[in-house]
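Hydrogens, waters and symmetry mates play no part in the numbers below; they use all other heavy atoms, side chains included.
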Amino acid sequence: MTSLKISVGDTIPKGTFGTVPYAEELADHPTCHINHLPPYLTKYGEFKAKGVDVIAVVAANDPFVMSGWGRVEGLTDKIITLSDPNAVWSGSLGLSVDLSERGFGVRTARYAMIIDDLVIKYVEAEPGPGVTVSGADAVLAKL
């Protein structure tokens, strides 16, 4: 479980990279690449129609893994993959999770944000396994 250090209405700290960043614990984790990522890609047009400039997926994998995962998943110019090594940026926001017991180390939590002109309009981290508050439908409903 994460403990958020940010909330709706806060100005996003330095290092911000998009209007709708959402995060995966691990690229290629079954929940991430089967249940979380595909709806963002499928509903890309709906996000654009609601004025979203950028959709970015963040994970604690290295940049080479993120780049390769983006190519394999066919993200092309629709979704940007961003590396957050050791979940440093996510952790600074209270959006990391320690999975050391499972051998994964510190990772990004599974979360979503809507950022408009550097102001957080929506931020939610998944309370448990699965995809609910950070999924594409939940984010679209908040736009």
Practice task
For Asp137, enumerate each residue passing the salt bridge (Lys or Arg N to Asp or Glu O under 4.0 Å) test, keeping only those at least two apart in sequence or located in another chain.
Solution key: Lys43
For [X], all residues meeting side-chain contact (heavy atoms from CB on, under 4.5 Å), sequence neighbours excluded:
X: Asn86; value: Val88
X: Lys48; value: Tyr44
X: Ser67; value: Arg71
X: Lys142; value: Ile114, Tyr122

Exercise for the section: Answer yes if the side chains of Ser134 and Glu124 hold a donor-acceptor pair under 3.5 Å, and no otherwise. Expected result: no
Where do [X] and [Y] come nearest, in terms of heavy atoms and distance?
X: Ser90; Y: Thr108; answer: OG-CG2, 3.1 Å
X: Met113; Y: Leu93; answer: CE-CD1, 3.7 Å
X: Val54; Y: Ile80; answer: CG1-CD1, 3.7 Å
X: Ser96; Y: Val106; answer: CB-CG1, 4.1 Å
X: Ala138; Y: Val133; answer: CB-O, 3.6 Å
X: Ala60; Y: Ala87; answer: CB-N, 4.0 Å

Practice task
Under the side chain to side chain donor-acceptor pair (under 3.5 Å) rule, collect the residues that match up with Ser83, sequence neighbours excluded.
Solution key: none
Practice task
Report the residues that fulfil side chain to side chain donor-acceptor pair (under 3.5 Å) with Ser100, sequence neighbours left out, ordered by chain and then residue number.
Solution key: Asp98
Within the structure provided, determine whether [X] and [Y] are in side-chain contact (heavy-atom separation under 4.5 Å).
X: Leu95; Y: Val58; value: no
X: Asn61; Y: Arg107; value: yes
X: Glu73; Y: Leu37; value: yes

Problem - CG on Asp10 to NZ on Lys5, rounded to 0.5 Å - result: 13.0 Å
Problem - Separation between OH of Tyr40 and CD1 of Ile55, rounded to the nearest 0.5 Å - result: 8.0 Å
Handout entry: Residue pair Val57, Trp69: steps toward the side-chain contact (heavy atoms from CB on, under 4.5 Å) verdict
Key = CA-CA 11 Å; Val57 57; Trp69 186 49; 4.0 Å; yes
Handout entry: Sequence neighbours excluded, every pair satisfying salt bridge (Lys or Arg N to Asp or Glu O under 4.0 Å) that has a member inside residues 88-97
Key = none
Exercise for the section: Kindly state each residue pair satisfying salt bridge (Lys or Arg N to Asp or Glu O under 4.0 Å) with at least one member in residues 79-94, sequence neighbours excluded. Expected result: none
Exercise for the section: Check the hydrophobic clustering (I, L, V, M, F, W, Y; side-chain heavy atoms under 4.5 Å; chains of links allowed) and say if Ile6 and Leu118 are grouped together. Expected result: yes
